[in-house]
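If you're wondering where the values come from, they're calculated on a predicted model, not measured in any experiment. Here is how names work: the chains are called A, B, and so on, in the same order as the sequence lines, proteins then strands, and each is numbered from 1. Reckoned from all heavy atoms, side chains included, excluding hydrogens, waters and symmetry mates.
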Amino acid sequence: MFAANFEENTMSEEAAGNEYRQQRIENMNQLETAGFPAFGLAFERTAQLDELHSTFEVGQQVKACGRIVAIRKMGKMAFAHISDGSARFQLMVKKDMLGDDAFAAFKLLDLGDIIGVAGELFITKTEENTVRVAEWTLLSKALLPLPEKFHGLTDVETRYRQRSLDLISNPEVMDLFKKRTQVMREIRNFLDARGYYEVETPMLQQIAGGAAAKPFKAHYNALNVDVFMRIAPELYLKRLIVGGMDRVYELNRNFRNEGLDRTHNPEFTCLEIYHAYGDMRTMQELIQAMVTHLAETIFGKMEFGWMGNIIDLKTPWREVPYHELVKEHLGNDWFDKTLAEATAKAEILDVHIEEGMNFKQVTHEIYDKTIEGTLIQPTFITRLPAELVPLAKPCSDDPELVDVFELIIGGKEISPAYSELNDPIEQRKRFEEQAAGDGSKIDEDFLMALEHGMPPTGGMGIGIDRLLMLLTGSDAIRDVILFPQLKPRG
RNA sequence: GGGCCGGUAGCUCAGUCGGUAGAGCAUUUGACUUUUAAUCAAAGGGUCCUGGGUUCGAGCCCCAGCCGGCUCACCA
């Protein structure tokens, strides 16, 4: 009855035309008639299936549940495998144990249905852990078929658009996302144990500061103001440093209104850490300790294959000042060259140079296009030209350089860290240059906080999605984000 | 945004020179009490991404578009 109404009122014409769905609704109706309601209640299981395997004992009475992912029906018996996302487990169902009706009903089950069973554990003659089913109950009827059991779901687009199916049919995808959860938890454990406080700062900001990126815009009706999704939490976390929260971090989403590609998703997870009375060195030690900790405790290894390279995370990681690195690749006399000579070299290297670039810009362009990508093993680039990094503190021995690092792994930028600028007058000057005359873009509240005095501070941002790509050997950011951004289907 | 590749049954994929739309799994029916990509026999199942065009005839050729992948550029 229920199913009939459902069919008439709710089913789209497209879905109604699906032979598989029709058949499953028919099976559902028959099951309900036979006393097996299609959508059961909570089921108290002895254990999840992985635990059932690890604590397996012949003769033990258990209750288990999961989705039917394979079924082999025979005349008077059947085998099935159920899966609950932790493991698969085999069931054996025999007519003489269940009785005619319950056995006949069992044969109406389809792949994808979710059931609960009670029975005794035993080992088949092919030596597989199995539940000999004494009773079963239907917990949820699947109206649509699952992807094929052998090849699974491989179509990349469908995998991203229907992640549920991807998780059901690709155990390695499930494993990867469980690893992601472990990494997030272990980052928190690691930082908490070192006295860092996790905080939450605004996602909706009236001025989107802390980075140079285009924000997403929204409107807040109650205040009748436009707001922005944050592009970085930096300016709020520094306020907390001013306020005396000496060690803080935030592990959460940033939003940037930019293009999509293999390493960019418009919302991405970022870890930002600030450490009062520290500097870039504090962060350098912290990130090495943290990343190797994650590698050891969660992945149990220090070498990771990523984008065709083997990356060795053993510390200490190489550190090289920017100027030394440039000289290594372009010659010891590079910084004695003229702009014309540098531009000529760029042309030889096939690096495009815009009209009007100065020597430092040309050098950086060459660095960006031809040097950064060659840094496969973890490398800290330090002492960058001040022009490139407007929000960092100058090096004490050279005001032309700033006291920062950029961590490069696998040729990709994983993390920048600064000895943070805490001079409010200098900070205002740089904001004004950045805002280019638009005073509404200057975060006056932040500047005021700085004027109350911020201790010298080390700060760092880590792109967690990219770190996860490295740790899981993924070539695309979409493979480490459960629901990556996609265009609406046409 | 440019270039290249792809979109065919629920899933994974073939499809020749432009000539009735194919396979495996899945589904249905039957057989089957230790199977595990169960097996055996039979059957049903298609908006060939969308819209135009060429042609007697288009899954295939042409044009435009949509979605995806790779890549280059841009952005950071």
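Atom CD in Glu148(A) sits roughly 11 Å away from atom P in C11(B) (whole-Å rounding). Separating the CZ atom of Arg72(A) from the C1' atom of U34(B) is a distance of 10 Å, rounded to the nearest angstrom. When the P atom of C13(B) is taken as reference, atom CG of Asp155(A) falls 8 Å away, rounded to whole Å. The distance between atom NZ of Lys76(A) and atom P of U35(B), rounded to the nearest whole Å, is 17 Å. The interatomic distance linking Tyr160(A) (OH) with G6(B) (P) rounds to 20 Å, in whole Å. Rounded to whole angstrom, the span from the NE2 atom of His151(A) across to the P atom of A26(B) amounts to 12 Å.
U33(B) sits 48 Å from C49(B) when the C1' atoms are compared, rounded to a whole Å.
Using a 30° and 60° split on the angle between ring planes, His53(A) and Phe89(A) fall in the tilted class, from 30° to 60°.
Aromatic rings from Phe405(A) and Tyr418(A) are positioned such that their centres are separated by 6.0 Å or more.
Taking 4.0 Å as the cut-off between side-chain N and carboxylate O, Lys360(A) and Glu400(A) count as a salt-bridged pair. For Arg230(A) and Glu250(A), the salt-bridge test passes: some basic side-chain N is under 4.0 Å from an acidic carboxylate O.
For C40(B), the paired base is G30(B) (Watson-Crick or G-U wobble, both distances below 3.5 Å).
With hydrogens and angles ignored, no donor-acceptor pair under 3.5 angstrom links the side chain of Glu19(A) to the base of U28(B).
Stacking annotation: Tyr20(A) is not stacked on the base of G10(B) (requires ring centroids less than 5.5 angstrom apart and an interplanar angle below 30 degrees).
Side-chain proximity of Glu258(A) to U34(B), C75(B), C11(B): nearest is C75(B). Here the nucleotide nearest the side chain of Ala476(A), chosen from C67(B), A76(B), C70(B), is C70(B).
Contact between the side-chain N/O atoms of Lys125(A) and the OP1/OP2 oxygens of U34(B) is not found at any separation under 4.0 Å. Taking only side-chain nitrogens and oxygens, Lys149(A) comes nearer than 4.0 Å to OP1 or OP2 of A26(B).
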